[in-house]
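So you know, we letter chains A, B, ... as the sequences are listed, proteins then strands, and number each from 1. What you see is a predicted model; the values in this text were computed from it and never measured.
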There are 2 protein chains.
Amino acid sequence: MDRIDSSLVALRQILRATEIAGRELAQQAGLTSVQFRALQMVGETGQTTAKAIATRMHVSQATVTALVDRLVTRECVVREKSLEDRRQTHIVITEFGRQTIENAPDPLQQRFVRRFKDLEDWEQAMLVASLERVASMLDAEDLPAGAVLTTGELSRS
Amino acid sequence: MDRIDSSLVALRQILRATEIAGRELAQQAGLTSVQFRALQMVGETGQTTAKAIATRMHVSQATVTALVDRLVTRECVVREKSLEDRRQTHIVITEFGRQTIENAPDPLQQRFVRRFKDLEDWEQAMLVASLERVASMLDAEDLPAGAVLTTGELSRS
DNA sequence: CGTGATAGTTTGAAAGTCAAAGTTTAGGAG
DNA sequence: CTCCTAAACTTTGACTTTCAAACTATCACG
């Protein structure tokens with residue numbers, strides 16, 4: 001069955017393109033991709049907790065501590081003790097951090113969106129249906145996923 | 001335009017599922033995902049050169065040297081000076097390395113393939129067309145990509 | 001035989017990652 | 001009110017990935 005190969009190859013290409021774009025994106029922003037991903041999360045709401053980042057990135061809290069240390073050094077975020085629950089630390093994005101995100105264009109996503117808009121109506125519908133189908137075939141459909149196209153690194157879980 | 005969001009979300013889910021599966025896969029094999037990827041490449045043909053791995057993984061040769069060092073330590077591969085061109089070193093997979101690959105099932109890919117086979121003919125055709133379409137929209141269609149579903153980490157390029 | 005390009009290794013440094021142990025705070029049982 | 005457990009975080013120590021730059025060994029060509 002050759003279609004299986006075709007589909008796997010296409011899927012792999014999509015993954016690779018995203019991976020490479022992620023590198024460039026982060027590099028352009030002067031951060032590593034991991035740092036950039038974390039910063040994006042903070043940026044979504046303006047502030048979060050270390051725990052939330054750890055959970056979303058599937059990484060330990062210790063890792064997040066180290067990661068946030070670096071974002072603090074780069075003045076993209078600041079730590080603020082929570083007043084409600086003093087065990088928590090709010091990670092708050094700085095103006096500089098916000099600009100870093102904004103000034104980092106995502107050529108990959110832009111390209112995709114631009115081309116998607118150019119498609120015929122039925123084509124758009126087909127693509128959405130297909131992508132959702134594939135996601136469900138990977139048992140991915142219930143994973144939380146913001147509408148942001150950024151790959152992350154790997155390592156143990 | 002809501003379809004754009006839907007498509008990006010689905011795409012992101014696919015990426016995440018792959019990412020997570022990659023971690024588990026490598027972990028099960030007792031290697032890191034980077035090591036596993038490299039081992040897979042060696043396994044494809046039984047042997048390669050450091051340069052080839054570096055090129056395919058988009059990392060520097062120095063990185064590959066370090067990586068291969070670990071695969072050698074774990075007895076998954078051995079280094080052999082090339083006889084034709086003595087500058088080259090062939091990275092050759094060992095029996096143990098081969099077993100490591102074989103014993104590491106890829107649940108994600110298997111799941112996908114299994115479900116893909118269950119689809120109606122027209123659905124398969126649609127999925128392939130859609131995936132290839134998306135790949136081309138990401139300018140990914142000319143990237144070399146084996147028919148293997150594994151994500152890689154990131155970092156600078 | 002030089003001389004420049006190629007393939008790899010070494011070295012030193014930054015970053016991501018975790019487990020395990022430690023700190024501080026919250027919240028409930030008594 | 002006190003004590004104990006759980007939760008949120010940090011610290012420490014160790015490993016891996018990654019690179020740039022410097023170095024070694026070889027090839028290939030004039």
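Look at CD on B:Glu84: it is 13 Å from C1' on D:dC27, rounded to the nearest Å. If you take CE of B:Met57 and P of D:dT16, they are 15 Å apart, rounded to a whole angstrom. The distance from atom CG of A:Leu31 to atom C1' of C:dA14 is 14 Å, rounded to the nearest whole Å. Separating the CD1 atom of A:Ile53 from the P atom of D:dT10 is a distance of 10 Å, rounded to the nearest angstrom. Distance CD1 (B:Ile20) to P (C:dT17): 14 Å, rounded to an integer number of Å. A:Gln27 has its CD atom 12 Å from the C1' atom of D:dT18, to the nearest Å. The nearest whole Å value for the distance from the CD atom in A:Gln35 to the C1' atom in C:dT17 is 14 Å. The CZ atom of A:Arg86 sits 13 Å away from the C1' atom of C:dT23 (whole-angstrom rounding).
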Residues 63-72 of chain B, side-chain donor-acceptor partners within the protein, below 3.5 Å, at least two apart:
unit_1  : atom_1 : unit_2  : atom_2 : d
B:Thr63 : OG1    : B:Ser60 : OG     : 3.0
B:Thr65 : OG1    : B:Gln61 : O      : 3.1
B:Asp69 : OD1    : B:Arg79 : NH1    : 3.0
B:Asp69 : OD1    : B:Arg79 : NH2    : 3.0

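In the hydrophobic clustering, where aliphatic and aromatic side chains (Ile, Leu, Val, Met, Phe, Trp, Tyr) are joined below 4.5 Å either directly or transitively, B:Leu83 stands alone. Think of A:Trp122 as one node in a network of Ile, Leu, Val, Met, Phe, Trp and Tyr side chains linked at under 4.5 Å; its network also takes in A:Met126, B:Trp122, B:Met126. Hydrophobic cluster membership for B:Val92: B:Val78 (Ile, Leu, Val, Met, Phe, Trp, Tyr linked by side-chain heavy atoms under 4.5 Å, directly or transitively).
Taking side-chain N and O atoms only, A:Thr63 has a distance below 4.0 Å to OP1 or OP2 of C:dC18. Put simply, A:Ser82 has no side-chain N or O that comes within less than 4.0 Å of OP1 or OP2 on D:dA8.
Under the side-chain contact (heavy atoms from CB on, under 4.5 Å) criterion, A:Gln110 pairs with A:Pro105, not counting sequence neighbours. Here B:Ala21 pairs with B:Leu108 under the side-chain contact (heavy atoms from CB on, under 4.5 Å) rule; sequence neighbours left out. Applying the side-chain contact (heavy atoms from CB on, under 4.5 Å) test to B:Gln99 and every residue at least two apart in sequence or in another chain returns B:Glu95, B:Asn103. Judged as a side-chain contact (heavy atoms from CB on, under 4.5 Å), and not counting sequence neighbours, the contacts of A:Ala10 are B:Leu131, B:Glu132.
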Subject >> Letter per nucleotide, 5' to 3', of nucleotides 2-8 of chain C [B base touched, S only sugar-phosphate touched, - untouched; heavy atoms, 4.0 Å] >> reply: ---BBSB

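Side chain of A:Arg37 to backbone of A:Thr32: no donor-acceptor contact under 3.5 angstrom is found. With hydrogens and angles ignored, the 3.5 Å screen pairs a side-chain donor or acceptor of B:Thr94 with a backbone N or O of B:Glu75.
Among residues at least two apart or in separate chains, there is no side chain to side chain donor-acceptor pair (under 3.5 Å) pair with a member in residues 45-55 of chain B.
Over its full length, the helix from C:dC1-D:dG30 to C:dG30-D:dC1 turns its helical axis through 10°, comparing axes from the five pairs at each end and rounding to 10°.
Proximity of residues 66-74 of chain B to DNA chain C (heavy atom under 4.0 angstrom from any strand atom) is not detected for any residue.
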